[in-house]
Amino acid sequence: MSTEPVRARRHTLFFLEYAAAQRPVYLDTEVDMTLVTAHRAGSERRYSLVSYLLLAVGEVLGRHPEANAVLAPGWPGRLATPKVTRFPSVTAKLALDRPVEGQRTVLSALLPGLEHQTLAGIQDTVDRYRGPDAADLPEFTAVRKLGRLPAPLGRLAFTAALRRPERRAQILGTVAVSSLGHRPVEAFHSVGGTAVTINAGRVTDRPVARAGQVVIAPVMRLGLAFDHRVVDGGTAADVLGDLKQTLEEFHDRSGGGRGEAVRATDQDHRPGRPVGARHP
């Protein structure tokens, strides 16, 4: 048995102390990913599923600014007035599993201006952060420093950086996105320190009903955790429903993939294999 100080993951522990003040509520749904997977298969470039999710998140949060927000510092408190700060732009915080100084840890990659991004632009950013030397990127300098500071100073620095709401977007983003779809994980729920956190499981073939028939289609479990201090359940349900519809009716605005030809205005006519049919 051995006991050793936590260094590479120290930023995660400081974040969890901050996030403990949230009042999370969890929702989830299933998303038919037929059009997304068709576009992905028909594109010359390889797009990761998380890039499609990020594209949808940027569109949806741009339509729901009330969920692109954070509780202003100072509340709860006996004398403080509750205030919510809404951000003018969507910045996603994407959780990445990467080694830092030889220890496996979570890095948070930021994608600003997400409501204006294209699928190709998002994939460019994701590829950069997924590189073998991602932990050495200048964006993660603060993370490396936190691991080297004495714990009391590191905690103080982390807390001080979050006192101004506008700084939170530059540190924690305005919406958190996490995916474990590359593992045999059907669904999970996590809290990313933002008003809304999106969690994606793996895409698997499942039976779905279309036009009175049961067919096999690629389906993804999509979870949403929301901070009840900032938004209510109705708003969160609207965001999740809009995300589901945006992914199920996916259309590449940039025209960058042949798979967009599969798009259908009537969802009941999307392609699917009848139950019992085998893969070609």
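A quick note: this is a predicted structure, and the numbers were derived from the prediction, not measured.
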**OP:** Go through the steps for T204 and R206 under the test side-chain hydrogen bond (donor to acceptor under 3.5 Å, both in side chains), then give the verdict.
**Re:** CA-CA 6 Å; T204 58; R206 296 180 186 171; 3.0 Å; yes

**OP:** Could you walk me through whether R210 and T34 pass side-chain contact (heavy atoms from CB on, under 4.5 Å), step by step?
**Re:** CA-CA 12 Å; R210 292 193 190 137; T34 296; 3.0 Å; yes

**OP:** Report the C-alpha distance between D97 and R104 in whole Å, list the side-chain angles of each, state the deciding distance to 0.1 Å, and finish with yes or no for side-chain contact (heavy atoms from CB on, under 4.5 Å).
**Re:** CA-CA 7 Å; D97 179 14; R104 188 175 184 178; 2.6 Å; yes

**OP:** Evaluate side-chain contact (heavy atoms from CB on, under 4.5 Å) for R23 paired with D227, printing each intermediate quantity in order.
**Re:** CA-CA 5 Å; R23 298 295 182 266; D227 187 352; 4.1 Å; yes

Subject >> Working for side-chain contact (heavy atoms from CB on, under 4.5 Å), residues T197 and S190 >> reply: CA-CA 7 Å; T197 302; S190 67; 4.0 Å; yes

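In terms of modelled atom types and a separation under 3.5 Å, the side chain of R229 and the main chain of P82 share no donor-acceptor contact. Put simply, the side chain of R155 never gets that close to the backbone of F14: no donor and acceptor are under 3.5 Å apart. Here the side chain of H11 pairs a donor or acceptor atom with the backbone of V106 at under 3.5 angstrom. Judged by distance alone, with hydrogens and angles left aside, the side-chain atoms of T159 form no donor-acceptor pair with the main-chain N or O of L156 at under 3.5 Å. Here the side chain of R40 pairs no donor or acceptor atom with the backbone of V36 at under 3.5 angstrom.
Salt-bridge annotation for D127 and R46: absent, with no side-chain N of the basic residue lying under 4.0 Å from a carboxylate O of the acidic one.
Between V239 and V60 the shortest side-chain heavy-atom distance falls below 4.5 Å. Side chains of V126 and S48 form a contact here, defined as non-hydrogen atoms less than 4.5 Å apart. Contact annotation: the side chain of E139 never approaches that of L110 to less than 4.5 Å [non-hydrogen atoms, C-beta and beyond]. A 4.5 Å side-chain heavy-atom check between L61 and T174 finds every atom pair outside the cut-off. Side-chain contact between R168 and T85 is absent, with no heavy-atom pair separated by less than 4.5 Å. With contacts defined as side-chain heavy-atom distances shorter than 4.5 Å, the pair T29/L243 does not qualify. Taking 4.5 Å as the limit, every side-chain heavy atom of R183 sits out of range of all side-chain heavy atoms of R202. Side-chain contact check for V208 versus V215: some heavy-atom pair is nearer than 4.5 Å.
One hydrophobic cluster, built from ILVMFWY side chains closer than 4.5 Å, cannot hold both L107 and L172; they sit in different ones. Hydrophobic clustering (side-chain heavy atoms under 4.5 Å, transitive across Ile, Leu, Val, Met, Phe, Trp, Tyr) keeps M220 apart from Y26. Hydrophobic clustering keeps V70 apart from V90 (ILVMFWY residues linked when any side-chain heavy atoms are closer than 4.5 Å, directly or through intermediates). Residues L224 and L180 are members of separate hydrophobic clusters, defined by side-chain heavy-atom contacts under 4.5 angstrom among Ile, Leu, Val, Met, Phe, Trp and Tyr. Both L114 and L96 are part of a single hydrophobic cluster, where members link through side-chain heavy atoms under 4.5 Å apart.
Side-chain atoms of D238 and H64 form no donor-acceptor pair, as typed in the model, at a separation below 3.5 Å. Looking only at atom types and distance, the side chain of Y47 has no donor-acceptor partner in the side chain of H39 under 3.5 Å away.
G233 and H228 make their closest contact through N-CE1, 4.4 Å (heavy atoms, listed as atom of the first residue, atom of the second, distance). Across all non-hydrogen atoms, the minimal contact from T105 to R9 is OG1-CG, 3.3 Å. Of all heavy-atom pairs spanning T37 and P218, the tightest one is OG1-CG, 3.6 Å. Here the closest heavy-atom approach between residue P112 and residue Q117 is recorded as O-NE2, 3.7 Å. Summarising the geometry of A69 relative to V230, their closest heavy-atom pair is CB-CG1, 3.9 Å, with the distance given to 0.1 Å. The two residues F87 and A169 come nearest to each other via the heavy atoms CE2-CB, 3.9 Å.
The structure places OG1 of T91 at 7.5 Å from CG of N68, a figure rounded to the nearest 0.5 Å. Rounded to the nearest 0.5 angstrom, T246 OG1 and K244 NZ are separated by 11.5 Å. One distance of note links CZ of R45 with CD of Q123; it measures 5.5 Å at 0.5 Å rounding. One finds the CD1 atom of I216 at 7.0 Å from the CG atom of D205 (value rounded to the nearest 0.5 Å). One distance of note links NZ of K93 with CD of Q170; it measures 14.5 Å at 0.5 Å rounding. Remark: L153 CG to K145 NZ distance equals 13.5 Å, nearest 0.5 Å.
Among residues two or more places apart in sequence or in another chain, the side chain to side chain contact (heavy atoms under 4.5 Å, CB included) test is passed with I171 by A161, L162, R167.
Below 30°, between 30° and 60°, or above 60°: for F250 and Y52 the angle between ring planes is above 60°, a perpendicular geometry.
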